[in-house]
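Written out below as structure tokens is the structure these notes cover.
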Amino acid sequence: MIIVHDIFICKPGQASKFAKLFKEVMADNDNLVHVMTDVTGNYNKVVMVTQYESLTAYEQSFQKYAQDSEEMKSMKEKMKGYHEMYLTGSREIYQVS
């Protein structure tokens, strides 16, 4: 099993909005486990946690986002401007043993 953490450091005042946006947009994604905001540590941090059966399944999930389907068009429209809400981001991929 693979666990992925997509980590974002948001601009001040944007973390809760950013987390809410991701929860709404990813609501139908079966791979989404959690969208978390900081309690301690770096301020304004949002972590989106997803889970996949394998690295292959993780890679295949990107094929869905590359499609020009109505679902993806709708998602892109909802996400419009999200880049303005965060300063930096990173991704951590873990294998569950």
Side-chain angles (χ1 to χ4, degrees):
M1 179 171 300
I2 300 296
I3 303 288
V4 180
H5 289 181
D6 288 296
I7 303 164
F8 301 90
I9 304 300
C10 294
K11 292 179 180 178
Q14 297 297 310
S16 294
K17 294 175 192 175
F18 191 82
K20 182 180 177 183
L21 176 64
F22 265 96
K23 280 183 181 180
E24 289 173 4
V25 171
M26 302 290 286
D28 294 333
N29 186 327
D30 294 335
N31 300 106
L32 181 67
V33 177
H34 299 290
V35 176
M36 306 180 295
T37 56
D38 64 273
V39 174
T40 64
N42 291 339
Y43 296 122
N44 304 308
K45 182 189 270 188
V46 176
V47 180
M48 182 175 62
V49 181
T50 52
Q51 179 177 296
Y52 302 87
E53 287 299 318
S54 64
L55 281 174
T56 301
Y58 172 67
E59 291 171 350
Q60 289 172 343
S61 72
F62 282 98
Q63 293 174 2
K64 175 183 173 184
Y65 297 110
Q67 295 174 358
D68 198 29
S69 67
E70 288 302 316
E71 178 185 5
M72 288 303 107
K73 287 178 185 177
S74 174
M75 182 178 180
K76 287 176 184 177
E77 184 61 32
K78 289 177 186 175
M79 294 296 291
K80 197 171 189 175
Y82 85 98
H83 288 99
E84 301 301 319
M85 299 173 78
Y86 72 95
L87 300 170
T88 188
S90 63
R91 179 174 290 133
E92 300 172 348
I93 301 176
Y94 300 95
Q95 182 171 341
V96 178
S97 45

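- Taking 4.5 Å as the limit, some side-chain heavy atom of Thr56 sits within range of a side-chain heavy atom of Gln60.
- Two different hydrophobic clusters hold Tyr52 and Tyr94 under the rule that ILVMFWY side chains link at heavy-atom gaps under 4.5 Å.
- The side-chain heavy atoms of Met85 and Lys17, taken from C-beta on, include a pair separated by under 4.5 Å.
- Residues Met1 and Val47 share a hydrophobic cluster, clusters being chains of Ile/Leu/Val/Met/Phe/Trp/Tyr side chains in contact below 4.5 Å.
- The line from CD of Gln95 to CD1 of Ile2 is 5.0 Å long, rounded to the nearest 0.5 Å.
- Of the inter-residue distances, the one linking Ile9 atom CD1 with Gln14 atom CD reads 14.0 Å to the nearest 0.5 angstrom.
- The distance from atom CD of Glu84 to atom NZ of Lys11, rounded to the nearest 0.5 Å, is 5.0 Å.
- Val25 and Tyr82 end up in the same hydrophobic cluster when Ile, Leu, Val, Met, Phe, Trp and Tyr side chains are linked at under 4.5 Å.
- Residues Phe62 and Val4 share a single hydrophobic cluster, defined by chaining ILVMFWY side chains whose heavy atoms lie under 4.5 Å apart.
- The OG1 atom of Thr88 sits 13.0 Å away from atom CG of Asn44, with the distance rounded to the nearest 0.5 Å.
- Taking the six-membered ring where tryptophan is involved, the planes of Phe8 and Tyr86 are perpendicular, since the angle between them exceeds 60° and thus also 30°.
- The nearest pair of heavy atoms linking Val35 to Phe22 is CG2-CB, 4.4 Å.
- Contact between Val49 and Leu32 at its shortest, heavy atoms only, is O-CD1, 3.6 Å.
- In plain terms, the two heavy atoms of Ala19 and Thr37 that are nearest each other are CB-CG2, 3.7 Å.
- Taking CE from Met48 and NE2 from His5, the interatomic distance works out to 11.0 Å, rounded to the nearest 0.5 Å.
- Scanning for side chain to side chain donor-acceptor pair (under 3.5 Å) contacts around Asn31 gives an empty result, with sequence neighbours left out.
- Using a 4.5 Å cut-off between side-chain heavy atoms of Ile, Leu, Val, Met, Phe, Trp and Tyr, with links allowed through other members, Val33 and Ile7 fall into the same hydrophobic cluster.
- Rounding to the nearest 0.5 angstrom, the gap separating the OH atom in Tyr58 from the CD1 atom in Ile3 is 12.5 Å.
- Residue-environment remark: NZ (Lys23) stays at or below the threshold of 12 foreign heavy atoms within 6.0 Å.
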